[in-house]
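Bear in mind the structure is a predicted one, so any value in this text is a computation, not a measurement. Just the heavy atoms: all of them, side chains too, but no hydrogens, waters or symmetry mates, feed the values below. In what follows, every chain begins at residue 1, and chains take the letters A, B, ... in the order their sequences are listed.
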Amino acid sequence: MLDLKYVRTHIEEVKESLEKRHSSLSLDIFLELDERRRKLLFELETLQAKRNLVSPEIAKKKKSGEDTTDIMAEMSIISERVKVLNAEVSAVEKEEEDWLLSVPNMPHESVPYGKSEEDNRIERYVGEKPSFSFSPKEHFELAADKLDFERAAKITGARFVLYRKELARLERALANFMLDVHASEHGYEEVIPPYIVNRASLIGTGNLPKFADDLFKLENWDYFLIPTAEVPVTNIYRDETIAEEMLPLAFCALTPCFRSEAGSYGRDTKGLIRQHQFHKVEMVRFSHPDNSFEQLELMISHAENILKKLGLHYRVITLCTGDMGFSARKTYDIEVWLPGQDKYREISSCSNTGDFQARRANIRVAVKGEKKKLFAHTLNGSGLAVGRALVAILENYQQADGSIIIPEVLQSYMRGLKKIEKD
RNA sequence: GGAAAGGUGGCCGAGUUCGGCUGAAGGCGCUCGCCUGCUAAGUGAGUAUACGGGUUAAACUGUAUCCAGGGUUCGAAUCCCUGCCUUUCCA
């Protein structure tokens, strides 16, 4: 959420930011609401001030036995008006709040302007594409009997999978490997958050009210399945103040993620790439407002480190203004090379949201010497999407005979297994 | 599932009987100052947030906030209703 006063006093900047994001939101509506709110507020508060002035008078007169019927009648009228005005103010405030909640974050100046993913900026390529003496297959061709989509469809429906045998273990191995690296090498505290969250948490991170369609909601509860661990982990500090010297705080968590994938009907229907449920290791950082962009560089390096250790080729891109998520000020995506698909595919997304989520979730920092508490800056990034990492390993480490070599760093997590034989 | 108690400021904790003088006693903590070889103690002042008005910025000033939302009333921390949460006891 943007700051109300900031919007009021920086109309041009906000307009420009909305244009950059190709948003159709009207700033005029907000300005009108704000004007109306302040007018109503003034009238309301004037009356309340009068009431506060007169009320003790009534008490005094009553004590000394004077007649108060006239003055009480007058106050009664004022009170009626106060009631009406109060309702009006609340209504306008609600509208204004809703408007503010639907405004996307302002892109950082270093973010390239653009309309779609075509305009994303490639920052760097790391590693090299593996070469094959044969035509590499896609992951679902490689491990057909260990990725059972048919039975998962029976159990639940489309976009679910049943991992079996070595691939179930490989998924778990990858997750454990990622968590261990983040915890022991990168200094993240490992947490296991709830996988179901309430509405306030989703508003805090910016998933609600705008993106309800992307979420699975529990029937008869105002609870939702998490679309990413970013939601529960960022909300660890909702409505709290963090002492400056505690910063930066860093958390990592392995959770399942649940996404309705509304609006992606025809896309990636085959394989693991786009599922309703998948595992992700998430990194969340709480930063001092002064250095959140440095924290972003740090976080992307942590995600990259995982890929480096796994020996996977990838590239880092900066999302353009049109492709960037609602809450982000700046986002780096990591795209891993998938030889079977002959494409780079997103495997991590690291964002700095600045104070956008912190304002929504009321996460503050007490800064020495500053009378006012500041909003923390929050960052989140995948480190990494586990299922997609598994896809990358299958496709990059496939052999001519259809077997899969297990990267060395994972072998200890696989009880020493070095290779997954063909079905 | 049955019964009871309770939710007040950063924390503890008065006030709720009998509504007005309570943004809210007292204590702790914290900040700044004084004092004392050091430490401890003592001592003085200050110490919530949000939204308005005001100002170059302040000062200053208005309103709201005693879990949340309604109600009664000229006036609610205090009375009534609903919800949420916590604790204790019984099964």
Who is the Watson-Crick or G-U wobble partner of [N], with both distances under 3.5 Å?
N      : answer
G19(B) : none
C89(B) : G2(B)
A25(B) : none
U65(B) : A48(B)
U39(B) : none
C79(B) : G71(B)
A58(B) : none

Considering only the [atom1] atoms, how many Å lie between [N] and [M], rounded to the nearest integer?
N      : M      : atom1 : answer
G23(B) : C18(B) : C1'   : 24 Å
G70(B) : A76(B) : P     : 14 Å
A5(B)  : U72(B) : P     : 27 Å
U31(B) : A40(B) : P     : 12 Å
G75(B) : A64(B) : C1'   : 16 Å
G19(B) : A24(B) : C1'   : 16 Å
A3(B)  : C21(B) : P     : 38 Å
C81(B) : U22(B) : P     : 29 Å

**Axial cation check for Tyr113(A) ring with Lys20(A), 6.0 Å and 45° limits** =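 No, Lys20(A) and Tyr113(A) do not form such a contact.
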Would you kindly give the [atom1]-to-[atom2] distance between [X] and [N], to the nearest whole Å?
X         : N      : atom1 : atom2 : result
Tyr223(A) : C84(B) : OH    : C1'   : 10 Å
Asn198(A) : C85(B) : CG    : P     : 11 Å
Glu97(A)  : A50(B) : CD    : P     : 14 Å
Leu40(A)  : C51(B) : CG    : C1'   : 14 Å
Leu100(A) : C51(B) : CG    : C1'   : 13 Å
Arg199(A) : C84(B) : CZ    : C1'   : 16 Å
Glu35(A)  : G53(B) : CD    : P     : 10 Å
Leu33(A)  : C51(B) : CG    : P     : 17 Å

**Item:** Aromatic ring proximity Phe356(A)/His377(A), centre distance under 6.0 Å
**Value:**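 Centroid separation for Phe356(A) and His377(A): 6.0 Å or greater.
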**Prompt:** So, His108(A) versus Phe293(A), ring centres under 6.0 angstrom or not?
**Reply:**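 Between Phe293(A) and His108(A), which both carry aromatic rings, the centre distance is below 6.0 Å.
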Sequence neighbours left out, what passes side chain to side chain contact (heavy atoms under 4.5 Å, CB included) with [X]? Give chain and number order.
X         : answer
Glu294(A) : Asn291(A)
Ile155(A) : none
Ser55(A)  : Arg51(A)

Checking the side chain of [X] only, and the main-chain atoms of [Y] only, is there a donor and an acceptor separated by less than 3.5 Å?
X         : Y         : answer
Arg124(A) : Val316(A) : no
Asn396(A) : Ala392(A) : yes
Arg164(A) : Leu147(A) : no
Arg159(A) : Arg274(A) : yes

**Request:** Answer yes or no: does a side-chain N or O of Arg38(A) lie under 4.0 Å from OP1 or OP2 of C51(B)?
**Result:** no
**Asked** Under the salt bridge (charged side-chain N to carboxylate O under 4.0 Å, His left out) test, which residues partner Arg172(A), sequence neighbours left out?
**Response** none
**Item:** Base-contact (B) and sugar-phosphate-only (S) positions in nucleotides 63-76 of chain B, heavy-atom cut-off under 4.0 Å, - elsewhere
**Value:** BS-------S-BS-
**Selection: residues 1-13 of chain A, any non-hydrogen atom under 4.0 Å of RNA chain B** =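 Per residue number, the list reads Leu4(A), Lys5(A), Arg8(A).
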